[in-house]
Amino acid sequence: MVKKKSILKLYIAGQTINSIKAIHNLEKIFSGELKEMYELKIINVLENPQLAEDERIMATPTLSRELPLPIKRIIGDLSDKEKVLIGLDIVEVGNKWL
Amino acid sequence: MVIKNNKITEVKNHETLVKKIVVGIEGFDVISEGGLPEGRTTLVSGTSGSGKTLFALEYLWHGIQEHNENGVFVTFEETPNDIVKNVKSLGWYLDDFEKQKKFAFVDASPSPDEKYIAGNYDFGALIARIKYAIEKVNAKRVAVDSISALFSQYGDTGVIRSELFKIGAALKEIGVTTMMTSERIEEYGEIARFGVEEFVSDNVIVIRNVLDEEKRRRTIEILKFRGTQHQKGEYPFTITSDGIKVLPLSGLELIMKSSTKRITTGNKELDHMCGGGFFRDSIILVSGPTGTGKTLITTLFVEAGCKMGEKCLLFAYEESKEQLIRNGLSWGVDLNKWVKKGLLKIVCRYPEAMGPEDHLLFIKKQIGEFEPTRMAIDSLSAMERVLTLRSFREFVISLASYTKLKEIAGLFTSTTKTLLGGESITEAHISTLTDSIIILRYVEMHGEMRRGITMIKMRGSWHEKEIREYVIDAKGMHIMDVFRGVENIMSGAARSVSAYEEEELKKLVK
C-alpha cells in the first residue's frame, strides 16, 4: 500500500561525490509512480551551517523526512534503495517497488 | 618561564620552538612545561569517569576567563544542557559566556530520532558546523568530547578515522588549539579504545583513575608532545570544587631557596645540639617510638615561634585540640593563650577523612590563608597508615617542596614501630628530603627505661653527634649529659662498656 506524501530535506556539504550520488539516487528511487509521493528541498550546509546546527546534522548526505512525523533520517549516498524506502516509511516491506 | 602559585603565567618564545598556550589548570602547565602545543591537536585519553570531560571544559573555561581566548565545545556524548548544569556547581556559567559570544557548543550528542545508514557518507556537515561555531565566537580553543562516542554512534571505523583526520586538518588550518578526548577500557593498556584515535593527534595525554589498595588514585601522564619538551611519568591530580589540580613533584624542587637564618627550637640545649637552631626554611623530622616526647618537641617548636611573634600552624592527626592544649599545660606550655592571640592555629583532622591529594590541598589552603612561618605535623605516621606507599611518598615530597617554597620551617614527627631501636617507613621515605633529623630513643639501662636524643643530620651546619639523655617533667624537656659507658643505644640493645675495657682503650690511645 502506498502511503501519503512526504516532505523531504536533503542536507549536503557542497558538491561532493556523495552528494551528487545521493541526489541522483533519490531521483531514481522516486521516479515513476512514486514521483508524486514527495517534495524535496536540498540544503547545502556549507551555505547554511546554522541550519545544520539547529537540526543537529552531522553526516552528509543526510536525508530527513520532516513530514509526516516522526522525523526520520537516512544517512549516506542513498545507494541502498530498500533501506531508503523502509527508512522513510514510504512503502512497507514486501511492496512491489522493492 | 615564570611560575606563580603553581601556575605558569608566562612563557617566553625562545624557550620553546613549538609555542605553547597556557591552559590554566593548576599544576598542568608545570608538567607540560608551558601548556598545550599551540595550533595542534592533543588527545586526552582516559577510562570512564577519569575526568576527561571536566579536563576539556576546564581548558576552555580558563581560556575565556583568564586568557581572553574564546572556546568551542563539540560534544558527542552529553547534551549541552546537561554540561551547562553540571559545571554550575564549579561556579562556571557557560550559558553566560554563550550569551556574550565567548563560547559555543556544537551539539553532536546522540539524537533520539531513528537513523538509517544507506550508502557512503562523510562528516561534512559536522566540519561545517565546527568551522561555523569557531567563526561565530572567534575561538582560539576547541575541545571535542569524546571521539569514541562517534564510533559507537556510527560504527564504521574506516570512515570515522578518515573523517577525524579531516576534522584535525580543518582545525589545524584554522589555527585553533584543540583538545580531543577519547575513551579507554583499561588503565594500563591500549591508549584508546578503537586504536585509531591516537594517530590523529600529535600529542597524547593519558589520565587514569586507578584503584590502588582500595583507594582511588587519579594521575595524569603526558605520553607524547611532538617536537617539544614535557615532564615525564604519572602525576597525581585531584578534582576539587574549583576544578582539576595537578600536583607536580619535581617541577617545584627547581626553585627552592636556601636560608642561613637560624630559628630557635624552643629548647636551649637542643638549639646547641643543632649548632644554633634550625634553619628558617628547613624541614625537620623528629622520629621516635610512642611516648618519647615527639608531641612535646612539636609543642615547644610552635610555642617558641609564637613567643617570637611568628604565626604557627599545627596539624594534629592523632589528638584533638583540647588534648593538645592539656598536654601542653602538663609541660608548662599554655597553647590556648597563643590560639587566642591569633598566632597559633591548631587544625585537627582524621587522616582517613580524605585522600592524599585532598589532604595536601587542604594543608596548602590552610597555609595560604593563615600564612604561618612555622608549621608542624604531628604525626606524619598517622598519614602513612592510610596511604599507599607511593601516595605517601608523593604526599611528603609535595608537602616538603611546598613548605620550602613558602620559606616555612616545617617540623614533622614520625612514630617508629618498635619501642627499642627500629625505623619507620616515614623515615625511610623522607629522610633524604629533610634538612634535619632528630632521633628519640628509649634506652634500657640498669632495669630502667631512659630516654636518649641525638641529631643525626643537620644539612649545611655543624651539629652535635653525641647521644644525650633527657627527661620530661612539668617544666618541659631537659637535655642532660652524654650517655657514658654504654654503646649500641640506637639499636635499643645498650651494652655497658666495662671499666676494664675503658682502661685498655686509654692505654691504646696513649
Side-chain angles (χ1 to χ4, degrees), chain A residues 8-26 28-29 42-66 68-90 98, chain B residues 72-81 98 101 103-137 139 144 146-147 149-156 158-164 166-167 170 174:
Chain A
L8 305 179
K9 278 184 185 167
L10 180 68
Y11 295 88
I12 55 164
Q15 299 293 316
T16 65
I17 296 170
N18 284 342
S19 50
I20 294 166
K21 269 190 190 167
I23 295 168
H24 178 73
N25 285 330
L26 197 63
K28 222 164 66 184
I29 291 167
I42 295 172
I43 295 157
N44 184 354
V45 296
L46 301 185
E47 285 162 15
N48 273 306
Q50 184 64 51
L51 228 75
E53 183 61 49
D54 295 342
E55 293 301 319
R56 296 167 59 190
I57 304 296
M58 285 183 55
T60 35
T62 291
L63 181 65
S64 174
R65 188 193 75 179
E66 304 287 305
L69 292 172
I71 292 175
K72 301 219 169 205
R73 285 190 176 156
I74 298 161
I75 289 159
D77 60 13
L78 310 177
S79 51
D80 189 334
K81 183 179 172 183
E82 187 179 333
K83 268 196 180 164
V84 176
L85 289 174
I86 294 172
L88 289 178
D89 202 13
I90 285 177
L98 289 181
Chain B
V72 164
F73 193 81
V74 184
T75 173
F76 288 121
E77 264 170 340
E78 290 175 80
T79 64
N81 271 342
E98 252 183 308
K101 295 237 187 265
F103 178 83
F105 276 111
V106 173
D107 181 7
S109 58
S111 94
D113 302 328
E114 266 187 83
K115 189 169 60 195
Y116 289 85
I117 293 172
N120 297 329
Y121 59 93
D122 53 51
F123 289 125
L126 179 66
I127 296 173
R129 285 165 64 191
I130 297 173
K131 280 184 176 169
Y132 173 64
I134 293 170
E135 209 174 286
K136 203 163 66 179
V137 299
V144 183
S146 93
I147 55 175
L150 207 54
F151 289 89
S152 41
Q153 273 189 56
Y154 289 88
D156 191 336
V159 172
I160 296 170
R161 185 181 179 171
S162 74
E163 290 306 298
L164 281 176
K166 276 194 216 162
I167 294 175
I174 301 170

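In what follows, every chain begins at residue 1, and chains take the letters A, B, ... in the order their sequences are listed.
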Within a 6.0 Å radius of atom CD on B:E135, are there more than 12 heavy atoms belonging to other residues, nucleotides or ligands? no
Can you check whether A:P70's main-chain N or O pairs, donor with acceptor, with A:R65's side chain at less than 3.5 Å? yes
Per-residue tally against chain B (heavy atom, under 4.5 Å) across A:T60, A:T62, A:I17 peaks at A:T60
Sort out for me which of A:L78, A:N44, A:I75 touches chain B most, counting heavy-atom pairs under 4.5 Å. A:I75
Could you check whether the rings of B:F123 and B:Y154 sit parallel, tilted or perpendicular, using 30° and 60° as the cut-offs? perpendicular
Mind ranking A:P49, A:S79, A:S19 by heavy-atom pairs under 4.5 Å with chain B and telling me who comes out on top? A:P49
As an exercise: rank A:D80, A:D77, A:L63 by heavy-atom pairs under 4.5 Å with chain B and give me the winner. A:D77
If we count only N and O atoms by modelled type, under 3.5 Å, do the side chains of B:N81 and B:T79 hold a donor and an acceptor together? no
Do you know which of B:L150, B:D107, B:I127, B:I117 has the most heavy-atom pairs with chain A at a distance under 4.5 angstrom? B:D107
Under 3.5 Å side-chain donor-acceptor pair for B:T75 and B:E77: no
Part of B:K136 within contact of chain A (heavy atom distance under 4.5 Å): side chain
